[in-house]
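Each remark here refers to the structure printed beneath this line.
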Amino acid sequence: MRRRDFIKTIAISAAWPLAAHAQQPAIPVIGFLNASSPDAYRLRAFHQGLKEAGFVEGENVAVEYRWADNQTDRLPTLAAELVRRQVTVIVAGGGFRSGLAAKMETKSIPVLFIAAEDPVKLGLVTSLAKPDGNLTGINILLTEVVAKRLELLRELLPKANHIAVLADSANAATTESMLRGLQTAAPTMGMQIQVFNASTIREIDAAFAALMNERPDALFVGVSPFLLERRVQLAQLAARHAIPAIYQEREHAEVGGLISYGASIGDAYRHLGVYAGRVLKGVKPADLPVVQSSKFELVINLSTARMLGLTLPPPLLSIADDVIE
């Protein structure tokens with residue numbers, strides 16, 4: 001073989017791997033938009049759902065994370081970043097505002113949301129069974145469990161009548177929905193509710209200072225990304241002032257809160273992972289109905305109960321999904 005032909009052959013052979021690599025499709029990218037701060041529990045559940053759908057981050061899918069750290073005014077900017085990144089699908093968690101922010105930024109990229117309130121009333125979709133457009137997701141049924149949480153307080157504290165409510169007014173839609181549920185359910189159980197605002201760290205401290213003057217029988221803690229972020233502070237203040245408190249998310253009970261009951265947030269994020277996988281496989285959001293939570297968790301912190309001098313009713317302990325010693 002002549003030298004010129006030999007060099008040409010070597011050059012062509014060297015180019016083959018590069019050409020083959022260039023023809024390989026790029027792995028899809030999920031945009032993970034969240035109003036809260038990085039949370040291992042939710043991420044673990046989300047990755048589990050992805051795996052169930054056949055996707056593993058770093059192997060056949062990439063994930064771009066954007067966290068608002070409870071500064072919801074940052075969500076539109078963060079959503080716009082993901083749209084410019086041309087992600088394949090946006091997973092919007094940490095409250096319905098993430099979903100709304102993503103919806104405002106794109107009409108073509110699929111968006112999967114978690115909403116505690118009715119997604120139709122929020123304007124996320126037009127129907128739960130057949131969402132139109134590019135959005136679908138999970139509804140964790142906040143209002144539906146408000147009465148159940150009051151019932152659990154009644155079972156735990158049969159003589160409790162005066163219930164203080166800690167509410168984050170900055171999380172307006174969720175708080176209004178919760179308060180409507182309380183105002184309907186409380187009178188039927190002979191309970192009176194008193195609402196204290198807690199939208200900042202200082203307001204939480206002020207609310208507990210006021211609670212000591214009012215001396216309520218129990219505390220009903222509202223739902224918001226901020227109140228979840230401050231779960232350690234809430235548990236410590238409730239313990240310091242010896243007030244039994246009920247929460248919605250299990251993370252509160254895990255750090256010392258007395259009792260929690262609500263839709264399993266882990267299961268909701270797992271389902272988001274499954275839905276994300278189906279979208280990556282080509283299913284349109286409009287063909288995926290909004291799922292309503294079917295898994296609910298009752299978590300009791302037995303150590304906190306002992307510290308408060310409470311004797312937990314055996315029937316309540318028997319139905320608990322998790323008892324923390």
Side-chain angles (χ1 to χ4, degrees), residues 25-36 42-43 45-55 57 60-68 72-142 173-174 177 225 263 265 267-294:
I27 64 173
V29 179
I30 296 172
F32 192 95
L33 176 66
N34 201 286
S36 301
R42 285 160 171 73
L43 285 177
F46 173 68
H47 286 129
Q48 178 187 340
L50 271 182
K51 188 174 182 179
E52 291 175 17
F55 292 90
E57 183 181 4
N60 57 353
V61 68
V63 184
E64 288 274 346
Y65 297 97
R66 298 292 186 276
W67 303 91
T72 54
D73 58 330
R74 296 180 57 207
L75 287 169
T77 299
L78 297 177
E81 288 179 8
L82 293 174
V83 171
R84 287 195 299 271
R85 175 66 174 79
Q86 296 183 339
V87 297
T88 311
V89 56
I90 295 176
V91 173
F96 72 92
R97 285 188 177 85
S98 297
L100 285 178
K103 181 178 182 179
M104 294 298 294
E105 293 298 329
T106 179
K107 304 299 181 186
S108 57
I109 298 175
V111 176
L112 308 176
F113 60 80
I114 289 183
E117 307 79 19
D118 183 348
V120 176
K121 291 182 179 179
L122 291 173
L124 289 166
V125 294
T126 57
S127 167
L128 298 182
K130 295 183 178 180
D132 61 353
N134 61 318
L135 277 78
T136 190
I138 317 297
N139 179 205
I140 61 173
L141 302 174
L142 168 67
T174 301
S177 178
I265 302 301
D267 190 62
Y269 273 87
R270 182 195 64 80
H271 208 108
L272 276 187
V274 172
Y275 261 20
R278 295 184 65 181
V279 169
L280 292 178
K281 292 177 179 178
V283 180
K284 296 180 179 178
D287 296 327
L288 296 171
V290 174
V291 176
Q292 293 186 308
S293 294
S294 58

Side chains of L50 and I30 in contact at under 4.5 Å (non-hydrogen atoms): yes
Would you give the length of the straight line joining atom CZ of R278 to atom CG of L112, rounded to the nearest 0.5 angstrom? 11.0 Å
What's the separation between atom CG in L124 and atom CG in L135, rounded to the nearest 0.5 Å? 6.0 Å
Residues A80 and E105: closest non-hydrogen pair is CB-OE1, 3.6 Å
Donor-acceptor check, side chain of H47 to backbone of L43, threshold 3.5 angstrom: yes or no? yes
Could you tell me the separation between the OG1 atom of T174 and the CD atom of E117, rounded to the nearest 0.5 Å? 3.0 Å
Taking all non-hydrogen atoms of both residues, which atom of G54 and which atom of N60 are closest, and how far apart? O-ND2, 2.9 Å
Tell me whether the rings of Y275 and H271 are parallel (<30°), tilted (30 to 60°) or perpendicular (>60°). perpendicular
I'd like to know if the side chain of N139 reaches the main chain of Q292, judged simply by a donor and an acceptor atom lying under 3.5 Å from each other, with no hydrogens or angles considered. no
Gap separating the CG atom of L33 from the OH atom of Y65, nearest 0.5 angstrom: 13.0 Å
Distance col, row E52:CD vs R270:CZ, nearest 0.5 angstrom, shows 4.5 Å
Is there a side chain to side chain contact (heavy atoms under 4.5 Å, CB included) between V111 and K103 once you walk through the steps? CA-CA 7 Å; V111 176; K103 181 178 182 179; 5.8 Å; no
Testing the basics here: between P289 and A129, what is the closest heavy-atom pair and its distance to 0.1 Å? CB-O, 3.4 Å
Donor-acceptor pairs under 3.5 Å, side chain of residues 88-98 to any protein atom, not counting sequence neighbours: which ones?
{"residue": "T88", "atom": "OG1", "partner": "V29", "partner atom": "N", "Å": "3.2"}
{"residue": "T88", "atom": "OG1", "partner": "V29", "partner atom": "O", "Å": "3.4"}
{"residue": "R97", "atom": "NH1", "partner": "N171", "partner atom": "OD1", "Å": "3.0"}
{"residue": "R97", "atom": "NH2", "partner": "A170", "partner atom": "O", "Å": "3.2"}
{"residue": "S98", "atom": "OG", "partner": "A35", "partner atom": "N", "Å": "3.4"}
{"residue": "S98", "atom": "OG", "partner": "G93", "partner atom": "O", "Å": "2.7"}

Which atom pair, heavy atoms only, marks the closest approach of W67 to R74? O-NH1, 3.4 Å
Looking at every non-hydrogen atom in both residues, tell me the closest pair between L272 and F113 and how far apart they are. CD2-O, 3.7 Å
Whether the side chain of D267 engages the backbone of S294 through a donor-acceptor N/O pair (distance < 3.5 Å, no angle test) should be reported. no
Taking all non-hydrogen atoms of both residues into account, name the closest pair between A116 and I140 and its distance. CA-CG1, 3.4 Å
So do Y269 and N34 actually touch side chain to side chain, heavy atoms under 4.5 Å? yes
Can R84 and E81 be said to form a side chain to side chain contact (heavy atoms under 4.5 Å, CB included), step by step? CA-CA 5 Å; R84 287 195 299 271; E81 288 179 8; 3.5 Å; yes
So how far is it from L82 CG to F32 CZ, rounded to the nearest 0.5 Å? 11.0 Å
Is it the case that the side chain of T136 and the backbone of L288 share a donor-acceptor pair, with hydrogens and angles ignored and the cut-off at 3.5 Å? yes
